[in-house]
Trainee: 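Mind having a look at this structure? Questions to follow.
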Amino acid sequence: ELKVEQNPLFLSMQEGKNYTIYCNYSTTSDRLYWYRQDPGKSLESLFVLLSNGAVKQEGRLMASLDTKARLSTLHITAAVHDLSATYFCAVDYDSSGSRLTFGEGTQLTVNP
Amino acid sequence: SAVISQKPSRDICQRGTSLTIQCQVDSQVTMMFWYRQQPGQSLTLIATANQGSEATYESGFVIDKFPISRPNLTFSTLTVSNMSPEDSSIYLCSVERGRRRGQYFGPGTRLLVL
């Protein structure tokens, strides 16, 4: 059974600071997603990481994937209040490429 | 990105009743997925729905409780049967948009069972 673990689960940070969210998974996979969920809303796709060493950046967020370590990171640079949300990583564990197992989520609060 | 709509957006139901949730996509897709998100929790895959075949259920979910239909390539329904308060959750459908684009999620149906 594939397990996906995120840490921290709760993160409170000040605007302007940097921080990293970690996503560890237990079974070999070469496809990992990061999603954002605002309160009362659905999931918004942030990044799709398809291979070892993949790095993607969008604004103040940068995601990377190390398939050998079974680890992905989501790095936040100079946080702003608008980044407050819950962030999920999800791993594709099926050879057909579609069944996702989600991490527990990291609830991020950025304080002024 | 795909445009996905779900109906109803929310509902309050009595225990013992059933609710059917609809998911409509703006273009044809091979695979549609149904997830459950319990309050304050992460998402759990319920089943995969392919057009023209029976849905494939994940461990812990059964067809009698969550029957699924997939009559065409743009539409699917999930029924939550004989509901109990433990079924109170957000139910989301998603579609696969290719290996490089991943899955897109609908807005969700917020269900409260009293």
Trainee: In sequence, state the C-alpha distance, the side-chain angles, and the governing distance for Phe88(A) and Gln37(B), and then conclude on side chain to side chain contact (heavy atoms under 4.5 Å, CB included).
Mentor: CA-CA 12 Å; Phe88(A) 292 95; Gln37(B) 186 177 24; 3.7 Å; yes
Trainee: Would you say Tyr57(B) has more than 12 foreign heavy atoms packed within less than 6.0 Å of its OH?
Mentor: yes
Trainee: Any idea which of Leu43(B), Thr44(B), Thr56(B) has the most non-hydrogen atom pairs under 4.5 angstrom with chain A?
Mentor: Leu43(B)
Trainee: Taking all heavy atoms of Lys41(A) and all of Arg110(B), pick out the closest pair and write down the distance.
Mentor: N-NH2, 3.5 Å
Trainee: As an exercise: rank Gly105(A), Ser45(A), Gly40(A) by heavy-atom pairs under 4.5 Å with chain B and give me the winner.
Mentor: Gly40(A)
Trainee: What is the minimum heavy-atom distance between Leu92(B) and Ser42(A), and which atoms define it?
Mentor: CD2-OG, 3.3 Å
Trainee: Under 4.5 Å between side-chain heavy atoms, hopping through other hydrophobics if needed: is there a path connecting Trp34(A) to Leu2(A)?
Mentor: yes
Trainee: Looking at every non-hydrogen atom in both residues, tell me the closest pair between Thr48(B) and Arg99(A) and how far apart they are.
Mentor: OG1-CG, 4.2 Å
Trainee: Is chain B contacted by the side chain of Gln107(A), its backbone, both, or neither, given a heavy-atom distance below 4.5 Å?
Mentor: neither
Trainee: Considering all heavy atoms of both residues, which atom of Leu100(A) and which atom of Leu45(B) are nearest to each other, and what is their separation?
Mentor: O-CB, 4.3 Å
Trainee: Go through the steps to decide whether Tyr35(A) and Gln103(B) satisfy the test side chain to side chain contact (heavy atoms under 4.5 Å, CB included), and finish with yes or no.
Mentor: CA-CA 10 Å; Tyr35(A) 289 93; Gln103(B) 290 188 23; 3.7 Å; yes
Trainee: Would Leu32(A) end up clustered with Ile76(A) when hydrophobic side chains under 4.5 Å apart are linked, directly or stepwise?
Mentor: yes
Trainee: Is it the case that atom CD in Glu54(B) sees more than 12 heavy atoms from other parts of the structure closer than 6.0 Å?
Mentor: no
Trainee: Minimum heavy-atom separation for Tyr33(A) and Glu96(B), please, with both atom names.
Mentor: OH-OE1, 4.3 Å
Trainee: With a cut-off of 6.0 Å (strictly less than), are more than 12 heavy atoms of other residues, nucleotides or ligands near OH of Tyr19(A)?
Mentor: no
Trainee: Side-chain heavy atoms nearer than 4.5 Å, only ILVMFWY residues, links allowed to pass through others: does that put Met31(B) and Phe105(B) together?
Mentor: yes
Trainee: Do Tyr87(A) and Val4(A) land in one hydrophobic cluster if side-chain heavy atoms of ILVMFWY residues count as linked below 4.5 Å?
Mentor: yes
